[in-house]
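Working notes for the structure below.
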Amino acid sequence: MEIIESIILILSLLIIANIVSHYFVSIPPSLLQIAAGILAALFMHVKIYVDTEWFLLAFIAPILFNDGNNFPKRELWKLKGPILGNAIILVILSTVIGGVFVKWLIPQLPWATAFTLVAVLSPTDPIAVESIAKKAHIPDKLMHLINGESLINDASGLICFKYGVAATVTGVFSLKSATIDFFIYQLSVLWLVL
């Protein structure tokens, strides 16, 4: 029951943030959504508990399915190599390199926590990409590459984040489990998109 309550609360906060975003059009809706979450956590003492699998099922899967339906399949298939390379290799590399950089900046921070912090930031946000593309004139091929990569990279970021949190809490990292989960998530995302 706690999962359903958390999902309803998250959806309510999203709806409120989207209503407010119609009145403040100069502020990106994603920033208003983050602000709604922060206000709920600080002033309403809201605590939301959602497992990674439930989060993927309830939020990421519908978003990816919707974005995949709107994405031109021919372009996705034509750019599959660069898209998968960016979505998998660059997310993992940016998590590792960023984690080392964060550890260098804050030496008392545990390694797993540094990697977890960067894993949250490593996937490309498609909404941010679209808002930048509206202002700058980006060629269609590059735009398809960036949008395709943002469709696929959520699974990479979620796995890095999930196993970073697990390593932070337990002190143990399982490369075998992370690899298996990674391929399961990637296949499920590809199935949703295609």
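Nothing fancy with the numbering, it's 1 onward along the sequence. Because the structure is predicted, anything quoted here is derived from the model rather than measured.
- Phe183 and Ile92 fall within the same hydrophobic cluster, where Ile, Leu, Val, Met, Phe, Trp and Tyr residues are linked whenever their side-chain heavy atoms come under 4.5 Å apart, directly or through other members.
- The minimum heavy-atom distance linking Gly99 with Val118 is given by the pair N-CG2, 3.5 Å.
- Not counting sequence neighbours, the partners of Ile106 by the side chain to side chain contact (heavy atoms under 4.5 Å, CB included) test are Gln108, Leu109.
- Note: the hydrophobic cluster containing Leu79 also contains Leu84 (ILVMFWY, side chain heavy atoms under 4.5 Å, direct or indirect links).
- With sequence neighbours excluded, no residue forms a side chain to side chain donor-acceptor pair (under 3.5 Å) with Ser12.
- Atoms CD1 and CG, from Ile19 and Leu14 in turn, are 11.0 Å apart once rounded to the nearest 0.5 Å.
- Going from atom CG of Asn18 over to atom CG of Leu11 covers 10.5 Å, rounded to the nearest 0.5 Å.
- A distance of 11.5 Å separates OG1 of Thr95 from CD1 of Ile159, quoted to the nearest 0.5 Å.
- For Thr179, the side chain to side chain donor-acceptor pair (under 3.5 Å) criterion is met by no residue, not counting sequence neighbours.
- Placement of Leu42 and Ile34 within a single hydrophobic cluster is found when ILVMFWY residues are connected by side-chain heavy-atom separations under 4.5 Å, directly or transitively.
- Shortest non-hydrogen contact noted between Val102 and Ala114 is CG1-CB, 3.9 Å.
- A continuous path of Ile, Leu, Val, Met, Phe, Trp and Tyr side chains, each step under 4.5 Å between heavy atoms, connects Leu117 with Phe101, placing both in one hydrophobic cluster.
- Atom-to-atom distance recorded for Leu32:CG and His22:NE2 is 10.5 Å, nearest 0.5 angstrom.
- Asp181 CG to Ser174 OG: the interatomic distance, rounded to the nearest 0.5 Å, is 9.0 Å.
- A distance of 11.0 Å separates CD of Gln33 from CD1 of Ile15, quoted to the nearest 0.5 Å.
- Checked by atom type and distance alone, the side chain of Tyr163 never pairs as donor or acceptor with a backbone atom of Leu175 at under 3.5 Å.
- Trp111 and Val165 are not part of a single hydrophobic cluster, where members link through side-chain heavy atoms under 4.5 Å apart.
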